[in-house]
Amino acid sequence: MIREFSSADVLFILMAVRWTLILSLIAFAGGAVGGMALALARTSQARVLRWISMSFIQVFQGTPLLMQLFLVYFGLAVLGLAIDPLLAAAVALTLHASAFLGEIWRGAIQAVPQGQSEAATALALSYGDRMRHVVLPQAMRTATAPTVGFLVQLIKGTSLASIIGFTELTRAGQIVNNATFQPFLVFGTVAAFYFILCWPLSLLARRMEARMRLAVTR
């Protein structure tokens with residue numbers, strides 16, 4: 001039975017925001033770990049590590065996130081491994097984030113002047129010490145703005161988890177719309193919540209990028 005869109009529906013959608021945030025934080029944290037490993041592998045002197053990391057990045061950047069969600073959720077089920085929608089979404093989004101963050105951070109590492117690493121080598125610093133004390137602190141300043149920008153895309157990307165039945169913001173909107181059949185109001189509300197989540201981060205990313213450009217020109 002179709003009913004009117006009410007404040008209770010808005011509250012239901014609002015409560016789903018926490019699951020969007022939880023999924024985004026899990027994926028970003030896991031992606032940060034995987035991305036750092038990929039970035040270090042991509043800039044290492046070991047050819048095998050560079051090839052493996054490059055292949056991983058090309059696969060996950062070159063295929064749609066939706067297909068990755070399907071492969072994790074339905075693919076494991078076919079193999080007899082039942083998986084919770086939250087876990088499936090977290091795994092797929094973590095792999096997706098790892099590939100993109102790895103490439104962002106790889107570029108930031110390679111943007112550090114070669115002379116910095118050479119000077120650290122001349123001081124007899126090991127590879128780990130060079131990266132930890134010299135290269136990575138400078139690279140992270142360069143990578144901060146695009147990393148925040150990617151986080152915005154990751155938050156919006158969590159909407160695809162609704163396809164596998166995970167009740168985040170978009171899925172909550174679908175549930176309410178099926179009961180009220182007022183898509184403009186329902187999905188307008190969903191879009192407003194996404195905007196509230198993403199707009200401050202977008203402003204932060206632009207401000208960081210502007211500061212970085214200003215620092216470079218000085």
Side-chain angles (χ1 to χ4, degrees), residues 1-3 5-38 56-104 147-199 201:
M1 180 177 179
I2 298 176
R3 56 177 174 78
F5 182 68
S6 66
S7 58
D9 295 315
V10 176
L11 181 60
F12 176 74
I13 294 172
L14 176 61
M15 295 302 293
V17 170
R18 71 183 188 277
W19 291 110
T20 291
L21 292 175
I22 289 171
L23 181 57
S24 299
L25 290 174
I26 292 173
F28 186 76
V33 175
M36 181 56 69
L38 288 169
F56 180 94
I57 290 171
Q58 288 179 343
V59 167
F60 283 93
Q61 286 192 351
T63 55
L65 176 57
L66 183 60
M67 296 299 102
Q68 296 165 21
L69 283 164
F70 283 163
L71 285 174
V72 174
Y73 185 66
F74 296 111
L76 292 178
V78 169
L79 296 176
L81 301 174
I83 187 170
D84 180 81
L86 172 58
L87 180 58
V91 170
L93 284 166
T94 294
L95 295 173
H96 174 80
S98 296
F100 280 86
L101 289 176
E103 195 64 4
I104 290 171
T147 299
V148 174
F150 174 74
L151 177 58
V152 173
Q153 300 302 316
L154 187 63
I155 291 173
K156 292 186 285 188
T158 59
S159 62
L160 293 176
S162 62
I163 300 296
I164 60 174
F166 179 62
T167 308
E168 42 66 67
L169 187 50
T170 298
R171 180 60 180 165
Q174 292 173 342
I175 293 171
V176 172
N177 184 63
N178 291 339
T180 62
F181 201 65
Q182 297 185 50
F184 183 79
L185 285 175
V186 173
F187 291 111
T189 302
V190 171
F193 283 128
Y194 275 117
F195 180 78
I196 292 169
L197 289 175
C198 296
W199 184 60
L201 290 173

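Numbers for residues simply follow the sequence, beginning at 1.
A donor-acceptor contact shorter than 3.5 Å is absent between the side chain of Q58 and the backbone of Q61. Of the possible donor and acceptor atoms, one in the side chain of D9 sits under 3.5 Å from a partner among the backbone N and O of S6. Remark: side-chain polar atoms of N177 are not paired, donor with acceptor, to backbone N or O of G173 under 3.5 angstrom.
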Check step by step if side chain to side chain contact (heavy atoms under 4.5 Å, CB included) holds for T147 and F28.
-> CA-CA 10 Å; T147 299; F28 186 76; 3.7 Å; yes
Given side chain to side chain contact (heavy atoms under 4.5 Å, CB included), test F166 with D84 step by step and report yes or no.
-> CA-CA 9 Å; F166 179 62; D84 180 81; 5.7 Å; no
Might you work through the side-chain hydrogen bond (donor to acceptor under 3.5 Å, both in side chains) test for S159 and Y194, ending with a clear yes or no?
-> CA-CA 10 Å; S159 62; Y194 275 117; 4.5 Å; no
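Side-chain polar atoms of Q68 and T63 form a donor-acceptor pair below 3.5 angstrom.
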Result block: side-chain N/O donor-acceptor pairs under 3.5 angstrom for residues 14-27, not counting sequence neighbours:
from : atom 1 : to   : atom 2 : distance (Å)
R18  : NH1    : M15  : O      : 2.6
T20  : OG1    : L169 : N      : 3.1
S24  : OG     : T20  : O      : 2.7

With a cut-off of 3.5 Å and sequence neighbours excluded, list every side-chain donor-acceptor pair involving residues 91-98.
from : atom 1 : to  : atom 2 : distance (Å)
T94  : OG1    : A90 : O      : 2.6
S98  : OG     : T94 : O      : 2.8

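Nearest heavy-atom pair across G102 and L38 is CA-CB, 4.2 Å. In terms of heavy atoms, I155 sits closest to C198 at CG2-SG, 3.9 Å. In terms of heavy-atom proximity, Y73 sits nearest to A88 at CD1-CB, 3.7 Å.
To the nearest 0.5 Å, atom CD of residue E103 and atom CZ of residue F150 are 12.0 Å apart. Taking CD1 from I175 and OG1 from T180, the interatomic distance works out to 11.5 Å, rounded to the nearest 0.5 Å. Rounding to the nearest 0.5 Å gives a distance of 10.0 Å between CG of L197 and CG of L151. Taking CG from L86 and CD from E168, the interatomic distance works out to 11.0 Å, rounded to the nearest 0.5 Å. Rounded to the nearest 0.5 angstrom, L71 CG and L66 CG are separated by 10.0 Å. Atom CD1 of I13 and atom CD of Q174 lie 11.0 Å apart (nearest 0.5 Å).
More than 12 heavy atoms of other residues, nucleotides or ligands shown are found within 6.0 angstrom of CZ on F74.
Side-chain contact between F5 and T189: present, with at least one pair of heavy atoms (C-beta onward) separated by less than 4.5 Å.
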